[in-house]
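For the numbers below, each heavy atom of this structure counts, side chains included, while hydrogens, waters and symmetry mates do not. As the structure is a prediction and not an experimental result, all values here were calculated from the model.
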Amino acid sequence: MLADGVLASLPAEGDWPAPVDADDHRVFRHAVLPFLAAARALLLRREPAAERVWAGVETWLCGQLTALAARTFVLELHSAKKAGLLRGATGRDRFVDFLRLLGSRGCLTDVLGRHPVLARLLAQTCLRTTDAVAELLGRFAADRAALRSGLLAGSAADLSELTLGAGDVHSGGRAVAVLGFADGRQLVYKPRPLGLLARWGDLLRWFAQARPGLAPRPVGVLARDGYGWTEFVPARPCADQAGVELFYRRQGALLALLYALDATDMHCENLIACGDQPMLVDVETLFHPAFTALTRNGPDPAAAALHRSVARTALLPTLLLGEHGALDVSAFGGGNGEQSPGEVPHWTGAGTDDMRLARGPRPYAGGANRPVLAGAEIDAGMYRQSLLSGFRAAYESLVDRRNELLGGALAGFAGEEIRLVMRPTQVYATLLTDATHPAHLAAGPTRPEAFASLAEDHGKAHLPALVPHEIAELCDGDVPVFTAAAGSVDVTTGTGAVLPGLLAASGLAQARAKIAQLCAEDLREQEWFVEATLATRRPEVRHGAGTPLPGAVAAVVPDSQHLLALASAIGDDLVARAAHDDVRANWVGLELLDGRHWLVLPMGAGLAEGYCGTALFLAQLGALTGTSRYSELAAKAVRTLPVLVEVLAEHPELAREVGSGGFFGLGGICYALARLASLLGDGSLAACLPAAIAATAAADAAAPAGVGEGTAGALAAMHAVHAESGRPEAAALAATLARRLAAAPRPTAPGFLWGAAGVDWALGRGGRTAGEPLDGDPDGDLGWCSGLAGRVLAAAAAPAQAGPPSGTAARAADAFSAAVAARPPSTDQSLCHGELGTLETLVVLAGQGHEPSVSALRRAASRLVGAVEGHGLQCGTPHGVASPGLLTGTGGIGFGLLRVGFAEQVPSVLLLEPSERPRK
């Protein structure tokens, strides 16, 4: 065994180590020098030519060995320090002394003897590296002549350096490598089949026949049996502004092609900005099949729509979320130089006797995917229209040449190997890091236990069949890899095992079906996905009034039927945009997660931005118009809601994660259930109210006070549920929540949704802050969620407020009405912080006989209708992108229009009002 030979060669007393300039595990280089020497001797015996490139091999191999051993060595370091065995005046001196001890035969033999798995992994890594490098050099020698006449034309191809590890380690220690030559040229070696990349180049050349100026340039490739060579693509700046615009138009065309071929995982490290050319250097995940998530509710048609959309390519903004924020890893953006969002393991105190493993955010290297002009990286968000223009032109070209594409251009892909991303690579990387803990290196059986958590993930049907193969490859130090031929349903593991029929359909078959369905309607849908995903990139998250609409707005005097027609147009759009299967319907929308990050997601169940709120608007619209398609879609959207609330009632810990709030929690879901049960006459929705109420009770155990996410919203919702359904459980919970809320600290945030005004309203005391003056600032925040509209509404809607406001409340209402009447309409029409949230307060005040609000409502409503008809709908989302939600989306705009036109028939959703009809 190689490890035995290494240990036998060690001196009885360790040598003093040479200094190592590193801040990570590589400070243990001295301890693995004997393994490096053994690997070098083995490699040179097989390939004497490796002498010229050994420096690069040694650098990479040293990093691999020290990463495996560092946690065990640090444990031994601390033990030696505690035992007083280390000499030296400083922590660095004592660390050097420890390395000297570790370099002796007795000490290292003892450490590896107690950690035999580590000894095996160190030896195995050396052997696999020598095999992989010898294989690479042999292949280069065999292909050198062909390379000199092709990819290395004009070069003597004198190999001078080798950089290993330009990617994950797969299939026996193999990884992508970069070869450097004496004349400065470079070449990329990939130890996997490159037929797919070659066929992709053929497709780009086919596309260039119709769109020569728009087609991205293919990467040069020499494909061999089981491996291949590609040109090294350097990052280069754009020459001028026109070059930047062309780059993004070509990236839009690239997006259309990747969408048609069902590509995924095209992140920032797979694209190089080479002048005005966005060049994909890796396309191994073309024709990627879809995997259905397993849930108790069954498949979500909106999730399926998202998964088949342009968003799955990862060419568009793709956010990774963690405890420390979000990181865009897409080829469009890329988080170059930003911090990782999650807890990344790293070493502190490296090279001292206080060296420890810590976890926290670390800089993300990113890629060279952004174009550069005049020495500065370009802000990709400024070129949205260039990207969309290129996407539209390429999509239309694919439609025009569809028969040619299906008939011949795709045929060559059928037998080519694609890689299947069964789990995020980061999952495997984390497991491999955690498996270097000394507890997993002490004995053979403990190694597989480090990866046992893989068997606990049953989120997709294909995963259980993969687990034994994943664990086997991870135990050998490889990142598991799964492949398939583009035209096959059989999956091959990294060790060559075949899993027959694991895929429901081949990736090529699915892509053919998609291409056959390309049409104008799908183009519009995909353009929405492009706009929506671009809107998630570093948005400004705020809850304030939008900017005034540019130019004059023609006022339109609206009657109730005019408002109903506008709301019906929104309803028709929601009908058209809904994703369906045989059981349920849903939408994809923009959702603000944790109040910080906008994401494109299938709608969840919540009232604020989920399908409950959208269904409530549709059901209300159906009740007013008598149009069955609105009510039927609403019923289909919430068909699986009873199953969800039953699960939450059974699992209080899940209910607490959802929360109890009136808009962002189970309180809002209860409210929607009760109202929808009445509007739709649906007994199944009414029957699940007890479970929903029980889940709300469990969820409120540690809730904040506010209306949106906490106890005040749950309290208001329970009052409404009791009034709507007569359920005694709702009344009992309302009493409990009222006592809890009265004892809770009042929030310091402004406004209704999160602030004290909403809490006081829920408790029935009215908004204490409702009388705060405007200070003569008509441009102040007049919105509902955080502004004056919410504070005035809280006072106006207090239980004791029967007629027009008086006293301080009247003065605030007068000032508020005057401010709304005087200001121009804004670019935000949403309920949350836009025009219709502000108008809701005027609707309530006008209904109480407050004359200034009656005239202000008439004026503001006429301008709003003129703005909608002249400028279109403007949601409270980044860039006003249309989204179906209630608070910031079109569902809420539609509901607000119904409130303005039919206040007596449509209860206020912002006040969580029940229906006016008597209970049966």
List the steps and the verdict of salt bridge (charged side-chain N to carboxylate O under 4.0 Å, His left out) for Asp262 and Arg308. CA-CA 7 Å; Asp262 266 337; Arg308 71 177 292 277; over 6 Å; no
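- The distance from the NE2 atom of His170 to the CG atom of Asp168 is 4.5 Å, given to the nearest 0.5 Å.
- Residue pairs meeting the salt bridge (charged side-chain N to carboxylate O under 4.0 Å, His left out) criterion with at least one member in residues 146-166, sequence neighbours excluded, are Arg144-Asp158.
- Side-chain N/O atoms of Asp300 and Tyr611 include no donor and acceptor closer than 3.5 Å.
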Determine whether Leu196 and Phe287 satisfy the following criterion, side-chain contact (heavy atoms from CB on, under 4.5 Å), listing intermediate values before the conclusion. CA-CA 10 Å; Leu196 191 70; Phe287 304 104; 4.3 Å; yes
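- Scanning both residues, Val244 and Pro371, for their nearest heavy atoms gives CG1-CG, 4.5 Å.
- Listed here is the closest heavy atom pair of Ala393 and Leu214: CB-CD2, 3.9 Å.
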Quick one, Val372 with Ile378, criterion side-chain contact (heavy atoms from CB on, under 4.5 Å). Give me CA distance, side-chain angles, the key distance, then yes/no. CA-CA 6 Å; Val372 171; Ile378 296 298; over 6 Å; no
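- Residue pairs satisfying the salt bridge (charged side-chain N to carboxylate O under 4.0 Å, His left out) criterion with at least one member in residues 268-282, sequence neighbours excluded, are listed as follows: Arg192-Asp282, Arg250-Asp276.
- Distance check, rounded to the nearest 0.5 Å: CG of Leu151 to CZ of Phe232 gives 13.5 Å.
- Trp587 contributes a side-chain N or O that, together with a main-chain N or O of Leu574, makes up a donor-acceptor pair within less than 3.5 Å.
- By the 30° and 60° cut-offs, the orientation of the rings of Tyr395 relative to Phe391 is tilted.
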Under the side-chain contact (heavy atoms from CB on, under 4.5 Å) rule, what do Gln241 and Glu245 come out as? Steps first, then yes or no, please. CA-CA 6 Å; Gln241 192 77 28; Glu245 293 178 1; 4.2 Å; yes
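- Interatomic distance, Thr827 OG1 to Gln829 CD, rounded to the nearest 0.5 Å: 8.5 Å.
- Within the model, atoms CZ of Arg370 and CD1 of Ile272 stand 13.5 Å from one another, a figure rounded to the nearest 0.5 Å.
- Without hydrogens or angle criteria, Ser386 side chain to Arg249 main chain gives no donor-acceptor distance under 3.5 Å.
- Proximity of Leu136 to Leu162: side-chain heavy atoms (C-beta onward) are separated by under 4.5 Å at one or more points.
- Judged by distance alone, with hydrogens and angles left aside, the side-chain atoms of Arg402 form a donor-acceptor pair with the main-chain N or O of Leu518 at under 3.5 Å.
- Across all non-hydrogen atoms, the minimal contact from Ala535 to Pro878 is O-CB, 3.3 Å.
- Leu590 and Trp598 get closest at one heavy-atom pair: O-CZ3, 3.8 Å.
- Judged as a side chain to side chain donor-acceptor pair (under 3.5 Å), the pairs with a partner in residues 198-217 (not counting sequence neighbours) are, in order, Arg199-Asp202, Arg199-Glu416, Asp202-Arg205, Trp206-Glu404, Gln209-Arg401, Arg217-Glu231.
- Within the 3.5 Å criterion, the main-chain N or O of Ala331 finds no donor-acceptor partner in the side chain of His267.
- Between Tyr227 and Pro193 there is no side-chain heavy-atom pair separated by less than 4.5 Å.
- Taking Ala326 as the reference, Leu319, Leu321, His597 meet the side chain to side chain contact (heavy atoms under 4.5 Å, CB included) condition, with sequence neighbours excluded.
- Residues Ala177 and Leu164 approach most closely at CB-CD2, 3.8 Å, considering heavy atoms.
- Ring to ring, Tyr248 and Phe332 are close: their centroids are under 6.0 angstrom apart.
- Shown are Arg384, Arg524, Arg392, Arg537; of these, the salt bridge (Lys or Arg N to Asp or Glu O under 4.0 Å) with Glu531 is made only by Arg384.
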Lys514/Tyr259 under side-chain contact (heavy atoms from CB on, under 4.5 Å): CA gap, chis, key distance, verdict: CA-CA 9 Å; Lys514 175 186 280 188; Tyr259 166 66; 3.3 Å; yes
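- Although no hydrogens or angles enter the test, the distance criterion places a donor-acceptor pair under 3.5 Å between the side chain of Asp328 and the main chain of Thr318.
- With hydrogens and angles disregarded, a donor-acceptor distance shorter than 3.5 Å links the side chain of Thr264 to the backbone of Arg312.
- The closest donor-acceptor contact from the side chain of Ser330 to the backbone of Gly333 lies under 3.5 Å.
- Between the side chain of Glu609 and the main chain of Thr888, a donor-acceptor pair closer than 3.5 Å is present.
- Taking 4.5 Å as the limit, every side-chain heavy atom of Asp828 sits out of range of all side-chain heavy atoms of Cys875.
- Side-chain atoms of Leu410 and Ile515, non-hydrogen and from C-beta on, do get closer than 4.5 Å to each other.
- Within the 4.5 Å cutoff, the side chain of Arg185 has heavy atoms near those of the Leu152 side chain.
- Between Arg584 and Asn586 the shortest side-chain heavy-atom distance falls below 4.5 Å.
- In terms of the side chain to side chain contact (heavy atoms under 4.5 Å, CB included) criterion, residue partners of Thr313 (sequence neighbours excluded) are, by chain and number, Leu255, Leu258, Leu315.
- Looking only at side-chain heavy atoms (C-beta outward), Leu508 and Arg512 come within less than 4.5 Å of each other.
- Test Thr163, Val281, Val188 against Val176 for side-chain contact (heavy atoms from CB on, under 4.5 Å) and you get one pass: Val188.
- One side chain, Arg139 or Tyr189, offers a donor N or O that lies under 3.5 Å from an acceptor on the other.
- Nearest approach of Thr890 to Pro884, heavy atoms of both residues: OG1-CA, 3.6 Å.
- Here Glu527 contributes atom CD and Leu523 contributes atom CG; the two are 4.0 Å apart, rounded to the nearest 0.5 Å.
- A centroid separation of less than 6.0 Å is found between the aromatic rings of Phe140 and Phe181.
- Side-chain atoms of Ser389 do not come within 3.5 Å of backbone N or O of Gln385 as any donor-acceptor pair.
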The test is salt bridge (charged side-chain N to carboxylate O under 4.0 Å, His left out); show your working for Arg419 and Asp265 and say whether it passes. CA-CA 10 Å; Arg419 183 169 72 89; Asp265 206 38; 3.3 Å; yes
Report, one line per pair, each donor and acceptor closer than 3.5 Å where one atom sits in a side chain of residues 482-491; sequence neighbours left out.
{"residue": "Ser488", "atom": "OG", "partner": "Asp490", "partner atom": "N", "Å": "3.0"}
{"residue": "Asp490", "atom": "OD1", "partner": "Gly501", "partner atom": "N", "Å": "2.7"}

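- Asp240 contributes a side-chain N or O that, together with a main-chain N or O of Gly243, makes up a donor-acceptor pair within less than 3.5 Å.
- Interatomic distance, Met266 CE to Leu316 CG, rounded to the nearest 0.5 Å: 12.5 Å.
- Using a 4.5 Å heavy-atom threshold, the side chains of Val233 and Val219 count as touching.
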